[in-house]
Asker: 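Quick one: structure below, then a few questions.
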Amino acid sequence: MLTTSLPGGTWTLGGLTVTRFGYGAMQLAGPRVMGPPADHDGALAVLRTAVELGITHIDTSAAYGPHVTNQLIREALHPYPDALHIVTKVGANRDPQGGWPPARDPQSLRRSVHENLETLGLDVLDLVNLRLGDATGPRPGSLAEAFETLADLQRQGLIRHLGVSNATPEQVAEAQAIAPIVCVQNMYNLAHRRDDELIDALAGQGVAYVPFFPLGGFSPLQSSVLSTVAARLEATPMSVALAWLLRRSPNILLIPGTSSAAHLRENIAGAALSLSADDLAELDTIGR
Ligand SMILES: NC(=O)c1ccc[n+]([C@@H]2O[C@H](COP(=O)([O-])OP(=O)(O)OC[C@H]3O[C@@H](n4cnc5c(N)ncnc54)[C@H](OP(=O)(O)O)[C@@H]3O)[C@@H](O)[C@H]2O)c1
């Protein structure tokens, strides 16, 4: 059994135990998540630091770079420790302008699963999320053909577990009618709480919720209430935002992104911050 001193302890994704404090690799690619990083060795060091600090959940996608973060993960960490679980996603391509055009037809999904296997150097992917919607957020519409394609690849033994990303609650339910899912990866943080009900429903089902942009993503979280609480606790707003997410629900797994090993250490320390009932009540006013 995995024991950890990381804040939040562990969670089991299907049969895979992971630390609730994970690492999102997107920030390791170049500007606008295109091309290689300016500091290749620094990127490798961030990944190795994550594993040295005990993180066993790394989030990536073939679309980051494209292929760049997968290649960095392989270069830094292959052969992978048994405890490490790499979560990837399929369903979007990149265009030369850095856009994220959807690629959810069966042929594109099959190709993307094989590309992820190859670039990560794996025979089986632990967990694949089907990315839905577009860059502006979830969009309604059936995921049946796409999710059935992934379920088929799972039956073929190429994928252990499935999840969905950037999904509406209706799409989550539609996916669950096709095959079990172990996580939903949607945008959520202290200031963007559209998924509050979904998080609680998933917690009741034992399904993980993995917020992307936990720190606000490309535009850092800004709120006078957050700044006030952080100042009172002599902590950074980022620390408070991460500690709040861990307290929000036991099924929330963190994948904050950073291209800096120092920030990674700061974020781990920050997520361990203890928040009082008064702090939580005050923070609760932000995204409501
Ligand atoms: N499913 C999807 O559609 C989707 C979409 C977006 C992201 N994701 C996943 O979610 C993960 C997290 O999202 P994200 O990385 O975009 O956003 P995020 O975690 O909310 O924020 C990352 C940003 O915060 C900065 N940062 C992190 N720690 C910091 C610290 N201690 N002090 C100052 N700045 C700090 C990073 O800059 P530095 O590099 O300078 O630290 C980076 O600019 C991604 O890595 C990716 O794996 C998924």
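One-based numbering, in listed order, for ligands and for the atoms of each. Residues take their numbers from the sequence shown, with the count starting at 1.
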Asker: So that I can tick it off, tell me whether R193 and D284 are bridged by a salt bridge, with the cut-off set at under 4.0 angstrom between side-chain N and carboxylate O.
Answerer: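 A salt bridge is present here (some side-chain N lies under 4.0 Å from a carboxylate O).
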Asker: Return the orientation label for the Y188 and W244 ring planes: parallel under 30°, perpendicular over 60°, tilted otherwise.
Answerer: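 It falls in the parallel class, under 30°.
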Asker: Return the protein residues near ligand 1 (heavy atom under 4.0 Å from any of its atoms), ordered by chain and residue number.
Answerer: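 G24, A25, M26, Q27, D59, Y64, K89, R131, S165, Q185, F212, F213, P214, L215, G216, G217, M238, I255, P256, G257, T258, S259, H263, E266, N267.
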Asker: Should D200 and R248 be marked as a salt bridge (charged side-chain N to carboxylate O under 4.0 Å, His left out) after you check the CA-CA gap, both sets of side-chain angles, and the distance that decides it?
Answerer: CA-CA 10 Å; D200 296 337; R248 168 63 186 81; 3.1 Å; yes
Asker: Under the salt bridge (charged side-chain N to carboxylate O under 4.0 Å, His left out) test, which residues partner R265, sequence neighbours left out?
Answerer: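 R265 satisfies salt bridge (charged side-chain N to carboxylate O under 4.0 Å, His left out) with no residue once adjacent residues are dropped.
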Asker: Between E118 and R74, is there a side-chain N and carboxylate O pair less than 4.0 Å apart?
Answerer: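 Here E118 does not pair with R74 in a salt bridge, since their nearest N and O are not under 4.0 Å apart.
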Asker: Take I55 and I268 through the side chain to side chain contact (heavy atoms under 4.5 Å, CB included) test and state the conclusion after the steps.
Answerer: CA-CA 10 Å; I55 287 174; I268 291 173; 4.2 Å; yes
